[in-house]
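Heavy-atom basis, side chains included; hydrogens, waters and symmetry copies ignored.
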Amino acid sequence: MSTAVFYHNPKCSKSRQILAFVREQVEEVKVIEYIKNPLSKLELEDIYKKLDILSTHQMIRDQEDEFSKAGLSETSKDDDVLAAIAKYPRLLERPIVVYKNRAAIGRNLDHVVALLLN
């Protein structure tokens with residue numbers, strides 16, 4: 001049996017919706033509220049490696065105030081993006097699901113379905 005790890009912001013309706021779906025599909029779900037328990041840069045690097053994305057910029061919420069506080073831009077290096085997310089956890093795109101050594105950003109339910117069912 002594999003455990004899904006769910007990086008969750010309970011204030012986000014999309015995150016709550018995707019969590020409910022994951023709980024229906026996977027027997028064991030470990031929920032991490034990343035705002036209360038910020039991830040280290042190393043943990044974020046590990047998640048990034050498991051995501052099927054081209055850039056860490058896809059992991060970031062650039063509309064958050066913290067984006068400018070962190071001094072980020074569209075051309076920021078991956079290392080700087082991960083460091084900024086570690087410092088300002090609200091920047092992390094949500095939710096993220098890790099399952100069987102792969103991960104998906106759950107803004108789109110189809111990504112989570114593909115992760116869990118393939």
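Scanning both residues, Phe21 and Val113, for their nearest heavy atoms gives CZ-CG2, 3.6 Å. The minimum heavy-atom distance linking Ala103 with Ile96 is given by the pair CB-CG2, 4.5 Å. The two residues Pro38 and Ala86 come nearest to each other via the heavy atoms CB-O, 4.3 Å. Leu92 and Tyr34 get closest at one heavy-atom pair: O-OH, 3.4 Å. Residues Glu43 and Leu39 come closest through the heavy atom pair OE1-CA, 3.2 Å. Taking all atoms of both residues into account, the shortest heavy-atom contact from Gly106 to Ile18 is O-CG1, 3.4 Å.
Looking at Thr3, Val97, Leu19 one by one, the single match for side-chain contact (heavy atoms from CB on, under 4.5 Å) with Val29 turns out to be Leu19.
In this structure, Asn9 CG and Arg90 CZ are separated by 7.0 Å, a value rounded to the nearest 0.5 Å. Rounding to the nearest 0.5 Å gives a distance of 12.5 Å between OG1 of Thr56 and CD1 of Ile47.
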Discussion item. Show, in sequence, the C-alpha distance, side-chain angles and deciding distance for Val22 and Tyr99, and conclude whether the side chain to side chain contact (heavy atoms under 4.5 Å, CB included) test is met.
Written reply: CA-CA 10 Å; Val22 171; Tyr99 186 68; over 6 Å; no
Discussion item. Is there a side chain to side chain contact (heavy atoms under 4.5 Å, CB included) between Arg107 and Cys12? Walk through the geometry before answering.
Written reply: CA-CA 11 Å; Arg107 292 303 301 167; Cys12 174; 3.8 Å; yes
Worksheet item: Can you list the steps and then say if Ile53 with Tyr48 is a side chain to side chain contact (heavy atoms under 4.5 Å, CB included)?
Response: CA-CA 8 Å; Ile53 59 176; Tyr48 173 59; 3.8 Å; yes
Discussion item. Set out, in order, the CA-CA distance, both residues' side-chain angles and the distance that settles side chain to side chain contact (heavy atoms under 4.5 Å, CB included) for Glu45 and Asp79, then state yes or no.
Written reply: CA-CA 9 Å; Glu45 286 173 355; Asp79 196 55; 4.1 Å; yes
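Applying the 6.0 Å contact sphere to CG of Asp78 captures more than 12 heavy atoms from other residues, nucleotides or ligands. In the displayed structure, Gln63 atom CD is contacted under 6.0 Å by more than 12 heavy atoms of other residues, nucleotides or ligands. Within 6.0 Å of atom CZ in Arg102, more than 12 heavy atoms from other residues, nucleotides or ligands are found, so the atom counts as buried in its surroundings. By the 6.0 Å contact criterion, NZ on Lys41 is enclosed, its count of non-hydrogen atoms from other residues, nucleotides or ligands being greater than 12.
Contact annotation: the side chain of Met59 never approaches that of Val81 to less than 4.5 Å [non-hydrogen atoms, C-beta and beyond]. Residues Asp62 and Leu72 are not in side-chain contact: their nearest non-hydrogen atoms beyond the backbone lie 4.5 Å or more apart. With contacts defined as side-chain heavy-atom distances shorter than 4.5 Å, the pair Val31/Arg23 qualifies.
In the hydrophobic clustering of ILVMFWY residues, with side-chain heavy atoms under 4.5 Å counting as a link, Ile35 and Leu44 come out together. Hydrophobic clustering, with ILVMFWY side chains joined whenever heavy atoms are under 4.5 angstrom apart, keeps Val98 apart from Leu116. Ile32 and Leu115 are not part of a single hydrophobic cluster, where members link through side-chain heavy atoms under 4.5 Å apart. Hydrophobic clustering of Ile, Leu, Val, Met, Phe, Trp and Tyr side chains at less than 4.5 Å, counting indirect connections, unites Ile105 with Leu91. There is no path of hydrophobic side-chain contacts, each under 4.5 Å, that joins Ile85 to Leu42.
Proximity of a side-chain donor or acceptor of His57 to a complementary backbone N or O of Ser76 within less than 3.5 Å is detected. One N or O on the side chain of Gln58 and one on the backbone of Ser55 form a donor-acceptor pair closer than 3.5 Å. Looking at Arg94, its side chain never comes within 3.5 Å of a backbone N or O of His8 through a donor-acceptor pair.
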